[in-house]
Amino acid sequence: METSSPTIEFRELQRTFAQGERRIVVLEGASASLFPGQSVALVGPSGSGKSSLLHIAGLLEKPDAGEVLIDGRNCLGLNDHERTAIRRTTIGFVYQFHHLLPEFSASENIVVPQMIAGKTRRAARVEADKALALLGLEGRGGHRPGELSGGEQQRVAIARALANKPRVLLADEPTGNLDPETSDRVFNQLMDIIHTTGVAALIATHNMDLAQRMDRVLTLDAGKIVEVTEAYKALK
């Protein structure tokens, strides 16, 4: 798989925050490459910088230094309009909480972001139906979030993230708000979709069992990204 070109790369990312008179170093030379169709776990203790890295990868936040390349293009030097366009068409986001709009149906929650990105309502609805079917939610598109179970709500959120056929999927504890059985079911569906669609997925998680089931495991250690895949596989 890694014979292909990286979908997204981080190069020497630096990020610090002010805390009173102190400077807190969060990222210090963090570098990694993610390839098409890979599920990559991002692990590390709370405060290690996982959320900051996801925000920078999603072009929501700028680092103090370093580069983020998507399909070989350095995106950090782009203007706000260009970065927004990339987020809408190239990057999908999934969070621990689904953040679905309660007044809209499941299908409408998937249609609206696509229309914002420029699709017609008809084309967006076709993609919404496909995405819902891919996640086993046929017949649930007309239901509002309050009429869906927690697992169904999160699957709608995943469908929404994938409807624009992103090249990169960024997820922050995507099953962390679900019970173990539902979490396992949603996680397995997400892994199948990643491998079949070819999206490069970076998934922050505290769940080490889930991390070990992904293709690669990266950990944030003293502000740097360390590949620990082989170490985790050796423990199985």
Side-chain angles (χ1 to χ4, degrees), residues 5-35 38-99 157 161 166-177 199-212 214-232:
S5 299
T7 301
I8 184 168
E9 298 178 78
F10 316 123
R11 294 181 180 174
E12 296 295 326
L13 295 178
Q14 308 279 342
R15 191 70 173 104
T16 61
F17 294 95
Q19 189 176 74
E21 296 183 356
R22 297 176 58 208
R23 297 295 294 178
I24 307 299
V25 177
V26 178
L27 300 175
E28 188 172 23
S31 299
S33 297
L34 279 68
F35 295 83
Q38 281 192 338
S39 58
V40 181
L42 179 65
V43 302
S46 296
S48 62
K50 298 189 299 297
S51 292
S52 289
L53 181 62
L54 288 176
H55 290 163
I56 291 170
L59 309 182
L60 295 168
E61 180 180 320
K62 283 191 174 183
D64 301 321
E67 297 178 329
V68 173
L69 286 77
I70 299 177
D71 290 326
R73 182 188 189 189
N74 185 11
C75 297
L76 294 182
L78 302 176
N79 61 39
D80 289 344
H81 176 76
E82 291 170 322
R83 290 197 305 275
T84 298
I86 291 174
R87 284 196 299 270
R88 287 176 176 170
T89 61
T90 308
I91 303 172
F93 298 91
V94 182
Y95 301 98
Q96 180 174 354
F97 300 98
H98 55 76
H99 297 301
R167 301 274 293 133
V168 178
L169 179 68
L170 304 173
D172 195 355
E173 298 285 354
T175 62
N177 199 39
V199 66
L202 182 64
I203 302 171
T205 182
H206 284 102
N207 188 322
M208 299 313 299
D209 173 63
L210 296 185
Q212 292 176 50
M214 297 189 217
D215 297 320
R216 296 166 60 199
V217 180
L218 307 179
T219 188
L220 275 167
D221 183 20
K224 296 184 182 297
I225 299 174
V226 180
E227 179 99 31
V228 292
T229 307
E230 296 306 319
Y232 280 114

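Looking at P6 and L69, their side chains never come closer than 4.5 Å, going by heavy atoms from C-beta outward. A heavy-atom distance below 4.5 Å is found between the side chains of S39 and D215. Side-chain contact check for V43 versus T205: some heavy-atom pair is nearer than 4.5 Å. Counting heavy atoms from C-beta on, the side chains of F93 and L60 come closer than 4.5 Å.
Between P63 and L13 the shortest heavy-atom distance is CG-CD2, 4.0 Å. Nearest heavy-atom pair across T7 and F35 is OG1-C, 3.9 Å. Contact between L170 and V168 at its shortest, heavy atoms only, is CD2-CG1, 3.8 Å. Residues V94 and A161 share a closest heavy-atom pair of CG2-CB, 3.6 Å. Closest non-hydrogen pair, L54 versus A204, comes out as CD1-CB, 3.8 Å. Minimum heavy-atom separation, I86 to C75: CD1-SG, 3.8 Å.
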* Check the pair L78 / R73 against side-chain contact (heavy atoms from CB on, under 4.5 Å), numbers first and verdict last. => CA-CA 10 Å; L78 302 176; R73 182 188 189 189; 3.6 Å; yes
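Within the model, atoms CZ of F10 and CD1 of I225 stand 6.0 Å from one another, a figure rounded to the nearest 0.5 Å. Expressed to the nearest 0.5 Å, how far CD1 of I56 lies from CD of E67 amounts to 13.0 Å. Atoms CG and OG, on D172 and S51 in that order, are 4.5 Å from each other to the nearest 0.5 Å. Here the straight-line distance linking atom CD1 of I70 with atom CG of L59 works out to 5.0 Å at 0.5 Å rounding. For the atom pair NE2 of H206 and CG of L42, the computed distance is 10.0 Å after rounding to the nearest 0.5 Å. Atom-to-atom distance recorded for K50:NZ and L202:CG is 11.0 Å, nearest 0.5 angstrom.
Salt-bridge check for D80 with R83: passed, with a basic side-chain N closer than 4.0 Å to an acidic carboxylate O.
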Under 3.5 Å, which donor-acceptor pairs link side chains of residues 22-34 to any protein atom two or more places apart or in another chain?
{"residue": "R22", "atom": "NH1", "partner": "Q19", "partner atom": "OE1", "Å": "3.3"}
{"residue": "R23", "atom": "NH2", "partner": "T16", "partner atom": "OG1", "Å": "2.8"}
{"residue": "S31", "atom": "OG", "partner": "E12", "partner atom": "N", "Å": "2.8"}

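Under the 3.5 Å distance criterion, the side-chain polar atoms of N79 are matched with a main-chain donor or acceptor of E82.
The aromatic rings of Y95 and H99 lie perpendicular to each other, with more than 60° between the two planes, well past the 30° mark.
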